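Here the structure is laid out as structure tokens; the discussion comes afterwards.
Letters A, B, ... are given to chains in the order of the sequence lines, protein chains preceding strands, and every chain is numbered from 1. Predicted model, so just to flag it, every value in this text is computed and none were measured.
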There are 2 protein chains.
Amino acid sequence: MSTEGYGDLVTEPRWLDEKQARAWRGYRRMRALLDLQITRDLAADSGLSDADYDVLSNLSETSPHRLRLTELATTMLWSKSRLSHHLTRMQQRGLVDREECAGDARGSIIVLTEAGLRAIEEAAPHHVASVRKHMIDLLTDEEIAALDALSRRVVAHLTEAA
Amino acid sequence: MSTEGYGDLVTEPRWLDEKQARAWRGYRRMRALLDLQITRDLAADSGLSDADYDVLSNLSETSPHRLRLTELATTMLWSKSRLSHHLTRMQQRGLVDREECAGDARGSIIVLTEAGLRAIEEAAPHHVASVRKHMIDLLTDEEIAALDALSRRVVAHLTEAA
DNA sequence: GAAGTGTTGGTGACATGTCAACAGAGGGGT
DNA sequence: ACCCCTCTGTTGACATGTCACCAACACTTC
């Protein structure tokens, strides 16, 4: 027998049992449908994409409404490239702005504009309602607790493994 | 429009409480990290993308390894356009093929090729191992059951609402 | 201080997904 | 046979994400 991390996959794959397979497929299907619905609601209610909302949300939660690009990218789990591209588009729509960084001539500071703040403040109640309607309000307290616990564990595993 | 049934959002938004917010954020974060990891493992082990794997997997689970495009698109929750584009790319790589439909001159039938079958058969054990390692094996039996139950409910809600 | 190393943002080429429009068939009612 | 409506799959334009690479800068070491 092999002692490698995955074991001898070719001759002895450890397939998922019935319950595990149902859970995994269910998760994938929920994920696909839920994302789609949340995205649609957000676009219809506020004209924002998921990505837009996340950026605005993270910026609005900081004290002076501004963050370094790398810092923002890290907390959002985005690549710097992706964020840079997306910020360019949001900047053209007036939702965010770039300031020069005092101490470091390379760095640019991302600032939430007035329009951006208004956008996120108007979008938030609708977004929360959407999340409730399609997910949170459908779950029992026990399921909410379970989701919290298991997601925390999976996230920890994936984060430390890096 | 979509604001019906949400109540008076502007004056009375029902924000998420502490536990709900943790569960929602945890879910979103898990979703992002898990997708990334599974996608990377799949690409490294098999040279396939998530999308490739899903297509091959669905095709291989049918009896004569062939499906109408619309049928495949429906089960995968994909748009016909997306599937058509993606099949064109997979066809160029020799993983699938298109056949003319006997009874319906409009339709095209998607066929799993020999190479496609080999690809999914080689990829599957690694993929299952990846899913186990980063998700399933981290959960208790109760959590698996909870995930199954809640995802089933959310999927049902989103499906019937359409 | 010169060179080597790593960090920060940005850019272009490319892969992928979305949307609207389309041509070509089907299929029912008359 | 004809009109009308629907369905099928494809396509092109466009939005978005990924990847590899770059220029500017900071930090160490010699």
Side-chain angles (χ1 to χ4, degrees), chain A residues 31-33 35-44 46-56 59 66-93 95-111, chain B residues 31-33 35-44 47-56 58-59 66-93 95-111:
Chain A
R31 182 195 154 299
L33 284 165
D35 279 17
L36 197 61
Q37 191 59 50
I38 299 277
T39 300
R40 279 184 182 160
D41 285 357
L42 201 50
S46 324
L48 297 175
S49 68
D50 262 32
D52 297 334
Y53 188 89
D54 278 356
V55 170
L56 294 178
L59 275 180
R66 60 200 67 210
L67 277 174
R68 287 290 292 262
L69 187 144
T70 295
E71 202 173 351
L72 186 53
T74 301
T75 54
M76 295 182 68
L77 301 172
W78 280 23
S79 70
K80 284 180 283 189
S81 165
R82 175 183 180 186
L83 184 55
S84 180
H85 278 304
H86 202 267
L87 287 174
T88 303
R89 289 172 226 133
M90 292 182 73
Q91 191 172 16
Q92 286 166 356
R93 292 196 285 151
L95 296 172
V96 300
D97 211 352
R98 290 182 216 238
E99 285 181 356
E100 292 180 1
C101 183
D104 189 336
R106 294 167 301 178
S108 72
I109 297 184
I110 315 304
V111 192
Chain B
R31 182 196 155 299
L33 284 165
D35 278 18
L36 196 62
Q37 191 59 51
I38 299 278
T39 300
R40 279 183 182 162
D41 284 357
L42 201 50
L48 298 174
S49 68
D50 262 33
D52 296 335
Y53 188 90
D54 278 357
V55 170
L56 295 177
N58 275 287
L59 276 179
R66 61 200 66 210
L67 277 173
R68 287 289 291 263
L69 187 144
T70 297
E71 202 174 350
L72 186 53
T74 303
T75 53
M76 295 182 68
L77 301 172
W78 280 22
S79 70
K80 285 181 284 188
S81 165
R82 175 182 180 185
L83 184 55
S84 181
H85 278 305
H86 202 266
L87 287 174
T88 303
R89 289 172 225 134
M90 292 182 73
Q91 193 172 14
Q92 287 167 354
R93 292 196 283 151
L95 296 172
V96 299
D97 212 351
R98 291 182 219 237
E99 283 180 358
E100 292 180 2
C101 183
D104 191 337
R106 295 168 300 180
S108 73
I109 297 185
I110 315 306
V111 192

Worksheet entry | Spacing of B:Leu48 atom CG relative to C:dT16 atom P, expressed in whole Å | 12 Å
Worksheet item: Can you find a pair of side-chain heavy atoms, one from B:Leu59 and one from B:Arg66, that are under 4.5 Å apart?
Response: no
Worksheet item: For D:dG17, does OP1 or OP2 lie under 4.0 Å from any side-chain N or O of A:Arg89?
Response: yes
Discussion item. Is it the case that atom CZ in A:Arg93 sees more than 12 heavy atoms from other parts of the structure closer than 6.0 Å?
Written reply: yes
Worksheet item: Are OP1 or OP2 of C:dG9 and a side-chain N or O of A:Arg68 less than 4.0 angstrom apart?
Response: yes
Discussion item. Run the side-chain contact (heavy atoms from CB on, under 4.5 Å) test on A:His86 and A:Asp52 for me, step by step, so that the C-alpha distance in whole Å, both residues' side-chain angles and the decisive distance to 0.1 Å come before the verdict.
Written reply: CA-CA 8 Å; A:His86 202 267; A:Asp52 297 334; 2.7 Å; yes
Practice prompt. Measure distances between side-chain N and O atoms of B:Ser84 and base N and O atoms of D:dT11, and say whether any donor-acceptor pair falls under 3.5 Å.
Written response: no
Response to the item:
In whole angstroms, the gap separating P of D:dT11 from NE2 of B:His86 amounts to 16 Å
Item to complete: Decide yes or no for B:Ile110 and B:Arg68: does some side-chain heavy atom of the first lie under 4.5 Å from some side-chain heavy atom of the second?
Response: no
Worksheet item: When only distance counts, do a donor and an acceptor, one from the side chain of B:Thr70 and one from the base of D:dC7, lie under 3.5 Å apart?
Response: no
Practice prompt. Ignoring hydrogens and angles, answer whether the base of C:dG9 and the side-chain atoms of A:His85 contain a donor-acceptor pair closer than 3.5 Å.
Written response: no
Worksheet item: Hey, does B:Met90 have a side-chain heavy atom less than 4.5 Å from the side chain of B:Leu48?
Response: no
Item to complete: Give the nucleotide from the list C:dT8, D:dG17, C:dT16 with an atom nearest to the side chain of A:Lys80.
Response: C:dT8
Worksheet item: Rounded to the nearest Å, what distance is computed from the CG atom of residue A:Leu69 to the C1' atom of nucleotide D:dA24?
Response: 15 Å
Worksheet item: Can you check the B:Asp50 CG to C:dA15 P distance for me, whole Å?
Response: 18 Å
Fill in: Value in whole Å for how far the P atom of C:dG10 lies from CD1 of A:Ile109
12 Å
Worksheet, complete the sentence: Ranking A:Ile110 and B:Ser49 by the position along DNA chain C of their nearest nucleotide, the one closer to 5' is A:Ile110
Practice prompt. Would you kindly give the CG-to-C1' distance between A:Leu83 and C:dT11, to the nearest whole Å?
Written response: 15 Å
Worksheet item: Would one find a side-chain N or O of B:Arg98 under 4.0 angstrom from OP1 or OP2 of D:dT10?
Response: yes
Worksheet entry | Nucleotide nearest B:Ala51 when distance is taken to its side chain, options D:dG17, C:dG17, D:dC19 | C:dG17
Discussion item. At less than 3.5 Å, do the side-chain atoms of B:Ser108 and the base atoms of D:dT10 form a donor-acceptor pair?
Written reply: no
Practice prompt. Take atom CZ of B:Arg82 and atom P of D:dT16, then tell me their distance rounded to the nearest Å.
Written response: 16 Å
Fill in: Atom-pair distance (CH2 on A:Trp78; C1' on C:dG9), nearest Å
16 Å
